[in-house]
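These notes are about the structure you will find just below.
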2 protein chains.
Amino acid sequence: MARAATTTDAFNAVAEPRRRQILDLLAQGERPVNDLVVALGLAQPQVSKHLRVLREVDLVRVRDEGRHRLYRLNAGPLRSIHDWLRKYEQQWNARFDLLDTVLADLKEEEADGTD
Amino acid sequence: MARAATTTDAFNAVAEPRRRQILDLLAQGERPVNDLVVALGLAQPQVSKHLRVLREVDLVRVRDEGRHRLYRLNAGPLRSIHDWLRKYEQQWNARFDLLDTVLADLKEEEADGTD
DNA sequence: AAACCATATACCCATAACGGAATACGTCAA
DNA sequence: TTGACGTATTCCGTTATGGGTATATGGTTT
């Protein structure tokens with residue numbers, strides 16, 4: 001088997017930095033493709049392809065306006081990532097390693113009676 | 001160019017479900033590889049390979065204990081994901097779509113005077 | 001030293017990514 | 001209708017994935 005498709009879920013879709021940039025831009029409001037092309041400095045086909053991936057995991061929605069296609073953010077699927085991360089929130093400060101060390105030190109002192 | 005390596009950053013490392021499972025297991029405490037093998041129902045080499053990826057992005061740390069290698073979680077790098085997500089937290093309820101719709105409706109009514 | 005246990009690495013395969021370039025499609029203007 | 005514009009799709013090449021299986025490495029016990 002190969003790596004899971006980028007369209008599998010939000011985790012995979014968002015692993016690509018350009019796609020995060022696109023979402024960041026769309027967070028400011030609806031935009032046509034060409035706006036994104038300019039803002040990202042990417043070729044238009046690549047942008048369209050990234051948008052397709054984002055559409056497939058429902059991170060963006062489209063609306064046709066004449067010959068333009070206006071993309072907008074749909075942040076909902078990001079919630080699954082946030083939910084998964086929640087259980088780690090208390091651990092990022094690496095406090096636990098520190099705590100371990102401190103506790104070990106205390107235990108030693110207590111055991112050998114050193115000041 | 002191909003997809004960014006899984007070892008590029010936490011985003012890519014964590015896109016693989018098995019690796020998230022591994023982190024979930026390690027969240028409960030330090031464990032030797034074989035524990036994970038049993039818990040995941042995966043073959044040992046695959047687990048070692050996933051652990052390598054997680055080590056390379058510093059999401060896990062290792063400690064040698066005789067012939068065992070005890071892996072433990074290092075949640076720090078997850079923070080970068082959380083930080084990126086933060087700007088979207090207020091948008092998950094899709095309230096903005098709703099707002100768009102309402103505003104559009106109001107505009108229409110205002111324009112054509114139809115009740 | 002030999003046998004054994006725990007883990008890591010090497011090699012193979014099928015799959016798909018991403019960027020580039022060319023082109024197809026759909027809408028609007030003249 | 002023809003042409004221009006905005007966007008999507010197709011095809012290509014390079015790269016690396018993740019699982020499978022075999023094997024290497026390192027520590028422990030006898």
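Naming convention: chains lettered A, B, ... in sequence-line order (proteins, then strands); numbering from 1 in each chain.
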Problem set entry | Spacing of B:Leu42 atom CG relative to D:dT21 atom C1', expressed in whole Å | 15 Å

Problem set entry | side chain to side chain donor-acceptor pair (under 3.5 Å) partners of B:Asn34, counting only residues at least two apart | none

Exercise. Which of residues 1-13 of chain A sit near DNA chain D, with a heavy atom under 4.0 Å from it?
Worked result: A:Met1, A:Ala2, A:Arg3

Do any N or O atoms of the protein come closer than 3.5 Å to N or O atoms of nucleotides 5-11 of chain D, and which pairs are they?
residue : atom : partner : partner atom : Å
D:dT7   : OP1  : A:Val33 : N            : 3.2
D:dT7   : OP2  : A:Asn34 : N            : 2.8
D:dA8   : OP1  : A:Arg69 : NH1          : 3.1
D:dA8   : OP1  : A:Tyr71 : OH           : 2.5
D:dA8   : OP2  : A:Ser48 : OG           : 2.6
D:dA8   : N7   : A:Gln44 : NE2          : 2.6
D:dA8   : N6   : A:Gln44 : OE1          : 3.2
D:dT9   : OP2  : A:Arg52 : NE           : 3.3

Exercise. With sequence neighbours left out, what residues match B:Glu56 under salt bridge (charged side-chain N to carboxylate O under 4.0 Å, His left out)?
Worked result: B:Arg52

Exercise. Residues two or more places apart in sequence or in another chain: which of them pass ring pair (Phe, Tyr, Trp, His ring centres under 6.0 Å) with A:His82?
Worked result: B:His82, B:Trp92

Seminar exercise, completed: In short, side-chain hydrogen bond (donor to acceptor under 3.5 Å, both in side chains) pairs touching residues 1-10 of chain B with sequence neighbours left out are B:Asp9-B:Asn12

Exercise. Whole-Å distance between C:dG19 P and A:Leu40 CG?
Worked result: 10 Å

For this session: Enter the distance from B:Ile22:CD1 to B:Leu51:CG here, rounded to the nearest 0.5 Å.
Result: 4.5 Å

For this session: Please identify each residue that fulfils side chain to side chain donor-acceptor pair (under 3.5 Å) with B:Glu30, with sequence neighbours left out.
Result: B:Arg63

Exercise. Does anything in residues 37-48 of chain B pair up under salt bridge (charged side-chain N to carboxylate O under 4.0 Å, His left out), and if so which pairs, sequence neighbours excluded?
Worked result: none

Exercise. Hey, can you pull the residues of residues 14-24 of chain A with a non-hydrogen atom under 4.0 angstrom from DNA chain D?
Worked result: none

For this session: Could you tell me which residues satisfy salt bridge (charged side-chain N to carboxylate O under 4.0 Å, His left out) with B:Arg69, sequence neighbours excluded, listed by chain and number?
Result: B:Asp64

Exercise. How would you list, by chain and number, every residue that makes a salt bridge (charged side-chain N to carboxylate O under 4.0 Å, His left out) with A:Arg31, sequence neighbours excluded?
Worked result: A:Asp35

For this session: Quick one: which residue pairs count as a salt bridge (charged side-chain N to carboxylate O under 4.0 Å, His left out) with a foot in residues 13-26 of chain B, not counting sequence neighbours?
Result: A:Lys87-B:Asp24

